[in-house]
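Working notes, beginning with the structure itself.
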Amino acid sequence: MNLPKVKAGDDFLNSLQSKINLAEAEPIQKKISDTEKISVWSKLFGKNRNPWLIPSLSLTIVAIFIVSIYVLNTGKVKEVPTLSDFQKNTPSDIKLNDRVSDETKVQEKLSTKDAEGKTLSESNQNETSRKLNDEISKEPSKTPAPSYYDMDRSGYPTKINVSETKEETGKIAPSKDDKIIIQEKVIMESEKKVSEETNETLDKRIKGDEFDQKITSPAIKSEVKDGSENKGEVEKKEYKKDVKKDMRKSKPATDSTRIEKKDLEKIKEEIQKENK
Amino acid sequence: MLLDKSIYKKLSDEELILEFQKDKVEAFNELVYRYKDKVVNFLYRYTGNRDEAEDLAQDAFVKLYRSKHLYKEIAKFSTWFYTIAINTARTDARKKGRYNALSISDYDPENEKDYDIPAEVQSPEDYVNAGIENYYIQKAIDSLEESFKQVIILRDIEDMDYEEIAQVTGLPLGTVKSRINRGREKLKKILKEIYKP
């Protein structure tokens with residue numbers, strides 16, 4: 001076909017140059033955008049997110065959750081009170097501990113001051129300590145004692161059978177508060193008696209010293225010098241007898257062993273009644 | 001080693017593209033100088049619009065600029081570049097969703113069907129440039145189907161041989177020959193209808 005050939009226009013090369021420049025600029029922009037720093041959130045949730053981040057993140061979240069639960073549970077176990085804490089914190093035990101401390105104080109007083117009544121005080125102490133031990137064994141704790149838990153060496157509670165403990169003791173502790181109050185009264189009375197006895201022994205010592213002082217006083221010595229020696233001896237004996245009489249009149253119950261037996265019998269009777 | 005601009009003019013198309021693959025921009029300029037009119041003419045016959053043809057030709061050169069490394073010496077440069085130009089025109093036509101020529105039925109002597117004349121109004125510029133005859137020939141070419149149009153343009157306007165057309169279109173040689181014949185007959189039919197008294 002003899003068709004006329006169409007030629008390119010004058011602006012063809014200029015427009016081609018501009019298009020080439022645009023085409024060259026495009027990959028540079030892409031490179032710049034590729035090198036731009038991508039934020040964490042865009043990596044996680046954006047278009048440029050990495051697929052391997054999803055399982056790794058989920059695993060880390062689960063691991064943190066498990067660790068937190070473990071830590072919380074271990075903290076709770078540590079907070080569980082031990083048996084020693086129970087003993088310290090229960091009010092009845094606090095009273096008993098106070099009593100024991102009072103006893104020790106009395107013992108100290110007796111040991112330092114009383115020479116004659118040493119044996120008596122020791123016997124009394126033994127008896128009172130026995131009573132207290134018996135009371136502790138009989139007395140039920142008001143607070144929820146760790147009946148289902150027993151402490152091992154590590155300090156953590158371990159489960160034991162209740163039936164085993166019952167078989168071992170053979171007793172079921174009374175749960176009434178009145179009995180406890182009565183027992184406490186009895187103990188208080190016994191303590192009062194013990195304190196009275198100690199006062200008596202102290203008085204004895206004081207009076208014995210006065211007697212020696214009277215004998216050794218210069219007035220008596222002068223009388224002895226003035227009179228015969230027999231007269232002086234007679235006076236001494238008479239004075240001692242008078243002192244003994246006064247002591248018997250003022251405090252007839254000087255023999256503490258008799259009082260203790262009576263008291264013990266009373267205590268025993270009361271305890272037996274309570275147990276019945 | 002830089003070559004003088006006059007030296008590039010002595011090189012063949014294939015040598016120039018090889019030089020351009022070595023980032024010698026002067027080689028590309030020489031190729032543009034050699035092929036700009038040919039490609040614009042081809043695309044004008046293909047599209048029927050000069051501005052569109054120039055735009056498509058520029059796009060084809062840009063593709064050549066960006067994909068220079070894809071050329072291999074097994075084919076002629078002209079074949080490869082026309083292939084780029086045709087593909088550019090096809091994709092553009094597909095994007096626009098239209099062909100300049102309205103649909104025309106397949107040529108069938110027994111069951112001859114009516115065909116539509118392109119509805120585009122003649123512009124004064126086209127009229128001045130091509131004349132009335134050329135205008136109608138162009139409209140007849142535009143009214144051809146895509147498969148016939150490209151082989152007829154390459155053969156009758158660009159004066160390519162059958163082998164080159166086969167390489168550019170990617171069709172077998174026999175198919176190219178048959179399509180060219182069928183396209184010519186269709187063109188005659190259309191032109192007869194146009195020039196009917």
Side-chain angles (χ1 to χ4, degrees), chain A residues 1-70, chain B residues 23 25 28-29 31-68 125-126 128-131 133-141 152-159 183-184 187-188 191:
Chain A
M1 279 187 274
N2 292 320
L3 290 170
K5 289 195 175 181
V6 178
K7 290 184 179 179
D10 295 333
D11 291 335
F12 182 83
L13 292 172
N14 292 328
S15 57
L16 177 62
Q17 187 64 45
S18 62
K19 282 185 178 180
I20 287 166
N21 291 332
L22 286 169
E24 281 182 336
E26 282 177 2
I28 293 164
Q29 286 178 352
K30 282 182 182 175
K31 283 177 185 174
I32 290 164
S33 62
D34 290 336
T35 54
E36 280 177 357
K37 286 182 180 178
I38 301 163
S39 64
V40 177
W41 293 109
S42 64
K43 279 181 181 175
L44 290 173
F45 303 109
K47 290 178 182 176
N48 297 322
R49 67 187 170 198
N50 295 321
W52 56 269
L53 278 171
I54 295 162
S56 61
L57 275 173
S58 58
L59 281 171
T60 49
I61 289 161
V62 168
I64 289 162
F65 184 69
I66 290 163
V67 168
S68 61
I69 287 167
Y70 177 75
Chain B
D23 293 332
V25 182
F28 176 73
N29 292 336
L31 286 168
V32 170
Y33 180 76
R34 287 184 190 180
Y35 279 91
K36 62 175 184 175
D37 293 332
K38 289 180 183 177
V39 170
V40 169
N41 186 43
F42 166 72
L43 290 169
Y44 171 73
R45 299 299 171 193
Y46 191 79
T47 58
N49 190 332
R50 185 172 177 171
D51 293 334
E52 198 175 345
E54 283 191 359
D55 285 337
L56 289 170
Q58 288 166 359
D59 292 340
F61 278 115
V62 170
K63 282 183 180 177
L64 170 65
Y65 185 85
R66 295 179 72 174
S67 57
K68 60 189 175 188
E125 191 179 356
D126 289 339
V128 169
N129 288 336
E133 187 178 334
N134 292 338
Y135 171 78
Y136 285 115
I137 290 167
Q138 182 62 45
K139 291 301 169 190
I141 290 165
I152 282 183
I153 291 166
L154 290 171
R155 177 63 186 161
D156 295 332
I157 295 168
E158 297 297 323
D159 294 328
R184 282 175 181 169
L187 265 177
K188 283 178 187 175
L191 289 168

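In what follows, every chain begins at residue 1, and chains take the letters A, B, ... in the order their sequences are listed.
In this structure, A/Ala8 and B/Val40 approach most closely via the heavy-atom pair CB-CG2, 3.8 Å. Closest of all the heavy-atom pairs between B/Gln58 and A/Leu16 is O-CD1, 3.4 Å.
For a residue to count as touching a neighbouring chain, one of its non-hydrogen atoms must lie under 4.5 Å from one of that chain's; by this rule B/Tyr35 does not touch chain A. Interface residue B/Asp55: backbone and side-chain heavy atoms are both found under 4.5 Å from chain A. In this structure, chain A has no heavy atom under 4.5 Å from any part of B/Ala53.
Atom CG of A/Asp10 sits in a sparse spot, with 12 or fewer heavy atoms from other residues, nucleotides or ligands closer than 6.0 Å.
Using modelled atom types, one side-chain atom of B/Arg50 and one backbone atom of A/Lys7 make a donor-acceptor pair closer than 3.5 Å.
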Evaluate side-chain contact (heavy atoms from CB on, under 4.5 Å) for B/Glu54 paired with A/Val6, printing each intermediate quantity in order.
CA-CA 10 Å; B/Glu54 283 191 359; A/Val6 178; over 6 Å; no

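Applying the salt bridge (Lys or Arg N to Asp or Glu O under 4.0 Å) test to B/Arg184 and every residue at least two apart in sequence or in another chain returns B/Asp156. Taking A/Thr60 as the reference, A/Leu57 meet the side-chain contact (heavy atoms from CB on, under 4.5 Å) condition, with sequence neighbours excluded.
Distance CZ/B/Arg66 to CD/A/Glu24: 9.5 Å, rounded to 0.5 Å. In this structure, B/Tyr65 OH and A/Gln17 CD are separated by 8.0 Å, a value rounded to the nearest 0.5 Å.
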